[in-house]
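Please read all numbers here as calculations on a predicted model, not as lab measurements.
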Amino acid sequence: MDHFMKRAIELAINNVKDGGQPFGAVLVKNQDIIAEGVNELHKKHDVSGHAEMLAIRRAQTLFHTNDLSGFTMYASGEPCPMCLTAMYFAGIDKLYYCQSVEDAFNAGLGKSKMIYEDLKKSRDDREIKMVQIPLQEDEVNPMKLWKEKV
């Protein structure tokens with residue numbers, strides 16, 4: 001097994017021993033570990049405190065950038081939709097993971113599987129009810145401001 005994946009799994013094991021969930025992540029560039037993370041939900045009470053999210057935040061802070069093109073993520077578990085989306089936004093080029101969403105589901109960690117399935121549905125059929133409140137004609141349009149700025 002790849003030494004970066006071994007490190008991600010080691011982080012996950014240590015996190016379980018510390019009272020957390022079995023997730024660890026290692027963010028790599030040019031064969032160097034740039035940042036690591038473990039799920040810190042049990043410490044910070046922050047649902048976004050996932051291993052991959054924390055590794056991304058740390059690397060972006062370190063390099064003062066939102067663009068992590070050329071980076072590779074090694075995750076002990078298949079990323080949840082939130083973490084995968086963050087990787088897309090950050091421009092991470094490659095992801096390796098060890099255990100699948102199904103493995104997590106079978107271990108009693110079913111949110112990721114449920115969310116992936118829910119996202120396949122139309123907006124009207126999703127668990128979270130989404131209602132659009134459009135801008136009024138007399139209101140400033142922030143998207144238009146952005147488009148004019150760039």
Please assess Ile56 against Ile92 for the test side chain to side chain contact (heavy atoms under 4.5 Å, CB included), listing each intermediate value before the final yes or no. CA-CA 9 Å; Ile56 290 168; Ile92 292 172; 3.8 Å; yes

Does a side-chain heavy-atom distance below 4.5 Å link [X] with [Y]?
X	Y	result
Leu109	Pro22	yes
Met82	Glu52	no
Tyr97	Met73	no
Asp93	Leu68	no
Leu41	His50	yes

Considering non-hydrogen atoms only, spot the tightest contact between [X] and [Y] and give its length.
X	Y	value
Met53	Ser48	CB-O, 3.4 Å
Gly70	Lys29	O-CG, 3.9 Å
Ala75	Leu95	CB-CD1, 4.4 Å
Lys121	Asp125	CD-O, 3.4 Å
Ala55	Gly37	CB-N, 4.2 Å
Cys98	Ile9	SG-CD1, 3.8 Å

Should the ring pair Tyr74 and Tyr96 be called parallel, tilted or perpendicular, given that the plane angle runs from 0 to 90° and is split at 30 and 60? parallel

Do Ile13 and Val38 sit in the same hydrophobic cluster, where Ile, Leu, Val, Met, Phe, Trp and Tyr count as joined when their side-chain heavy atoms come under 4.5 Å apart? yes

With hydrophobic residues grouped by side-chain heavy-atom distances under 4.5 Å, do Val28 and Phe71 end up in a single group? no

Between the side chain of [X] and the main-chain N/O of [Y], is any donor-acceptor distance below 3.5 Å?
X	Y	value
Ser76	Gly24	yes
Asp32	Ile34	no
Asn39	Gln21	no

Look up atom CD1 in Ile128 and atom CG in Asp118, then write down how far apart they are to the nearest 0.5 Å. 7.5 Å

Look up atom CG in Leu11 and atom CG in Asn14, then write down how far apart they are to the nearest 0.5 Å. 7.0 Å

Walk me through whether Phe23 and Asn15 qualify under side chain to side chain contact (heavy atoms under 4.5 Å, CB included). CA-CA 7 Å; Phe23 300 105; Asn15 201 45; 5.9 Å; no

Yes or no on side chain to side chain contact (heavy atoms under 4.5 Å, CB included) for Ser112 and Glu78, after CA distance, side-chain angles and deciding distance? CA-CA 9 Å; Ser112 289; Glu78 184 176 357; over 6 Å; no

Show me the side-chain donor-acceptor pairs of residues 132-145 shorter than 3.5 Å, one per line, residues at least two apart or across chains.
unit_1, atom_1, unit_2, atom_2, d
Glu139, OE1, Gln136, N, 2.6
Asn141, OD1, Met143, N, 2.8
Asn141, OD1, Lys144, N, 3.1

Let me see the working for Arg58 and Glu40 under salt bridge (charged side-chain N to carboxylate O under 4.0 Å, His left out), right down to the final yes or no. CA-CA 14 Å; Arg58 290 171 180 145; Glu40 293 185 356; 3.3 Å; yes

In plain terms, say whether Glu36 and Arg7 are close enough for a salt bridge, that is, a side-chain N and a carboxylate O under 4.0 Å apart. yes

Are Asp18 and Lys43 within salt-bridge range, i.e. N to O under 4.0 Å? yes

Before giving the answer on side chain to side chain contact (heavy atoms under 4.5 Å, CB included), spell out for Thr72 and Leu27 the whole-Å C-alpha distance, their side-chain angles and the decisive distance to 0.1 Å. CA-CA 6 Å; Thr72 302; Leu27 193 54; over 6 Å; no

Checking Asp124 against Ser122: is there a side-chain donor and acceptor pair closer than 3.5 Å? no

Do you see a donor-acceptor pair shorter than 3.5 Å between the side chains of Asp67 and Thr65? no

Which residue pairs satisfy the ring-ring contact (aromatic ring centres under 6.0 Å, His included) criterion with at least one member in residues 105-150, sequence neighbours excluded? none

Counting heavy atoms not belonging to Lys129, are there more than 12 under 6.0 Å from its NZ? yes

Tell me, please, which residues at least two apart from Lys94 pass salt bridge (Lys or Arg N to Asp or Glu O under 4.0 Å). none

